[in-house]
Asks: 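Take this structure first; my questions come after.
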Amino acid sequence: MFVPDDAYRLSFTTGGLLRAEAVAIAGLLVTEPDAATARARAVELNLVQQRTAASTARVTREVVQRVDELPRAGVELVAHGSVDDSRQVMWLAACLRYRFLRDFGREVVRDRLLSGRNTVEHADFDMFWNLQSSWVDALRDAADSTRVRLRQNTFLMLRQAGLLDDEGRVLPTNLSPGVAAVVAAAGDELLLSFPIHDAQVAALAGRDGA
C-alpha cells in the first residue's frame, strides 16, 4: 500500500480540536469566504485569543486550514450550530486535513466499537503508528517526541469531539441530520471515521442495509 507522505501531515501537535476558535473564525468565513482575507482579518482581531502575535498567527492559520476543508454547509454549521454539531464537524475537518486522524478514527476507534472492546489506549495508538510507519516515511522518520505529542493531541481531540470519555471508552456517536449531510457531502467514507454502527452508516449514507 503506497501512501504519499504529503497525505500524512503531522502538524497537529497542539491545540486539540480548536472548536471555540473555529466557531469564531467560521463566523467570519461565512461572510468572507476567501480564506486568505478571512485569515488576515482573524489575525487582526485576534479571534483565537492568543497572547502573542506569533501564536495568534499560528493558531489562526491552523484553524483556517481545517475549516477550509469543509463543505460550505459545514462552515455554516460550525459557525451557527449546536456545541455537539460544531465539535463533530470539527472532528470531520481534522480528519479531512489529517489522513492519520481519518485512518485512526476508522481503523482503531470505530473498530473498538464494532468489536465490543470499547476502549482505546495509548498502546493502540502506538501499534497503529508502527503499522502505518511500515509504508509511510513521514511516520517512520518522525522523532519520538513528535509521536508523543501527536498521541496526546489525538486523544485530546477525540475527547473534545465527544468520541472518547476520560477513561478512553468509545462513545457511540449520534450525528444530527445536518452533521450527517455535511459528512456525506465530504464523502460517505468519512462516516467510518466516527464511532457509529454499520446500520447507521448505511442509513446516513442513504443506502439500504443493516
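Atom set for the values below is all heavy atoms of this structure, side chains included, hydrogens, waters and symmetry mates excluded.
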Asks: Using a strict 4.0 Å threshold on nitrogen-to-oxygen distance, state whether Arg159 and Asp165 make a salt bridge.
Replies: no
Asks: Do the side chains of Gln200 and Asn174 get nearer than 4.5 Å, heavy atoms only?
Replies: yes
Asks: So do Leu47 and Glu21 actually touch side chain to side chain, heavy atoms under 4.5 Å?
Replies: no
Asks: Taking the basic N atoms (NZ, or NE/NH1/NH2) and the acidic carboxylate oxygens, is any pair closer than 4.0 Å for Arg66 and Glu69?
Replies: no
Asks: Examine Tyr8 and Leu96 and state if one hydrophobic cluster contains both, with Ile, Leu, Val, Met, Phe, Trp and Tyr joined whenever side-chain heavy atoms are less than 4.5 Å apart.
Replies: yes
Asks: Roughly how far, to the nearest 0.5 Å, is OG1 of Thr56 from CD of Glu44?
Replies: 12.0 Å
Asks: Please answer whether the main-chain N or O of Ser193 pairs with a side-chain N or O of Trp91 as donor and acceptor at a distance below 3.5 Å.
Replies: yes
Asks: Kindly assign one of parallel, tilted or perpendicular to the pair Phe125 and Phe155, based on the angle between their ring planes and the thresholds 30° and 60°.
Replies: tilted
Asks: With the side chain counted from C-beta on, respond yes when Thr119 and Arg112 share a heavy-atom pair under 4.5 Å apart, and no when they do not.
Replies: no
Asks: Is the distance between the ring centroids of Trp129 and Phe100 under 6.0 Å?
Replies: yes
Asks: To check you understand the geometry: which heavy-atom pair defines the closest contact between Leu28 and Ala38, and what is its length?
Replies: CD2-O, 3.3 Å
Asks: Less than 4.5 Å apart, any side-chain heavy atom of Tyr98 and any of Ser11?
Replies: yes
Asks: Is the closest side-chain heavy-atom distance between Val179 and Asp85 below 4.5 Å?
Replies: yes
Asks: Determine whether Leu101 and Leu10 fall in the same hydrophobic cluster, where Ile, Leu, Val, Met, Phe, Trp and Tyr are linked whenever their side-chain heavy atoms lie under 4.5 Å apart.
Replies: yes
Asks: Can Arg72 and Glu76 be counted as an ion pair, charged N to O under 4.0 angstrom?
Replies: yes
Asks: I'd like to check Leu163 versus Val170 (side-chain heavy atoms, cut-off strictly below 4.5 Å). Are they in contact?
Replies: no
Asks: Are Val83 and Val67 grouped together when hydrophobic residues (ILVMFWY) are joined by side-chain heavy atoms under 4.5 angstrom apart?
Replies: no
Asks: For the backbone of Val64 and the side chain of Asp68, can you confirm whether one donor and one acceptor N or O come within less than 3.5 Å of each other?
Replies: no
Asks: What about Val59 and Val43, same hydrophobic cluster or not, with Ile/Leu/Val/Met/Phe/Trp/Tyr joined at side-chain heavy-atom distances under 4.5 Å?
Replies: no
Asks: Measure the CG-CD1 distance between Leu113 and Ile196 for me, rounded to the nearest 0.5 Å.
Replies: 9.0 Å
Asks: For a quick check under 3.5 Å, do Ser86 and Arg19 share a side-chain donor-acceptor pair by atom type?
Replies: yes
Asks: Give the C-alpha distance, both sets of side-chain angles, the deciding distance and a yes or no for side-chain contact (heavy atoms from CB on, under 4.5 Å) between Arg41 and Glu32.
Replies: CA-CA 10 Å; Arg41 183 63 174 158; Glu32 177 48 76; over 6 Å; no
Asks: Let me confirm one number: the CZ-OG1 distance from Arg58 to Thr52, rounded to the nearest 0.5 Å.
Replies: 6.5 Å
Asks: Quick check: does any side chain N or O of Asp84 sit under 3.5 Å from a backbone N or O of Ser82, one acting as donor and the other as acceptor?
Replies: no
Asks: Ignoring hydrogens and geometry, is there a side-chain-to-backbone donor-acceptor pair from Asp124 to Glu121 under 3.5 Å?
Replies: yes
Asks: Rounded to the nearest 0.5 Å, what separates atom CE in Met157 from atom CG in Leu150?
Replies: 10.0 Å
Asks: Restricting to non-hydrogen atoms, name the atom on Gln160 and the atom on Leu17 that form the minimum distance, rounded to 0.1 Å.
Replies: OE1-N, 2.7 Å
Asks: Whether Arg110 and Asp198 form a salt bridge (side-chain N of Lys/Arg under 4.0 Å from carboxylate O of Asp/Glu) is what I want to check.
Replies: yes
Asks: Tell me the closest heavy-atom pair linking Val78 and Ala26, and the distance in Å.
Replies: CG1-CB, 3.7 Å
Asks: Donor-acceptor pair, Thr146 side chain versus Ala142 backbone, under 3.5 Å?
Replies: no
Asks: Quick one: does Phe194's side chain get under 4.5 Å of Val201's, heavy atoms only?
Replies: no
Asks: Taking all non-hydrogen atoms of both residues, which atom of Asp34 and which atom of Leu29 are closest, and how far apart?
Replies: O-CD2, 4.5 Å
Asks: Evaluate Leu190 against Leu192 for side-chain contact (heavy atoms from CB on, under 4.5 Å), listing each step before the verdict.
Replies: CA-CA 5 Å; Leu190 272 301; Leu192 303 179; over 6 Å; no
Asks: Charged N to carboxylate O under 4.0 angstrom, Asp111 versus Arg106?
Replies: no
Asks: Between Leu171 and Leu164, is any pair of side-chain heavy atoms under 4.5 Å apart?
Replies: no
Asks: Run the side-chain contact (heavy atoms from CB on, under 4.5 Å) test on Leu77 and His80 for me, step by step, so that the C-alpha distance in whole Å, both residues' side-chain angles and the decisive distance to 0.1 Å come before the verdict.
Replies: CA-CA 5 Å; Leu77 204 52; His80 303 303; over 6 Å; no
Asks: Would the number of heavy atoms belonging to other residues, nucleotides or ligands and lying under 6.0 Å from CD of Glu189 be above 12?
Replies: yes
Asks: Identify the two heavy atoms, one from Leu191 and one from Leu175, that lie closest to each other, and give their separation to 0.1 Å.
Replies: CD2-CD1, 3.9 Å
Asks: Linking I/L/V/M/F/W/Y whenever their side-chain heavy atoms sit closer than 4.5 Å, directly or via other members, would Val108 and Leu131 fall into one cluster?
Replies: yes
Asks: Verify the distance criterion only: is there a donor paired with an acceptor across the side chains of Thr13 and Asn153 at less than 3.5 Å?
Replies: no
Asks: Please report the shortest heavy-atom distance between Asp103 and Gln132, naming the atom on each side.
Replies: OD2-NE2, 3.9 Å
Asks: Check the side chains of Gln65 and Arg97 for a donor-acceptor pair under 3.5 angstrom, ignoring hydrogens and angles.
Replies: yes
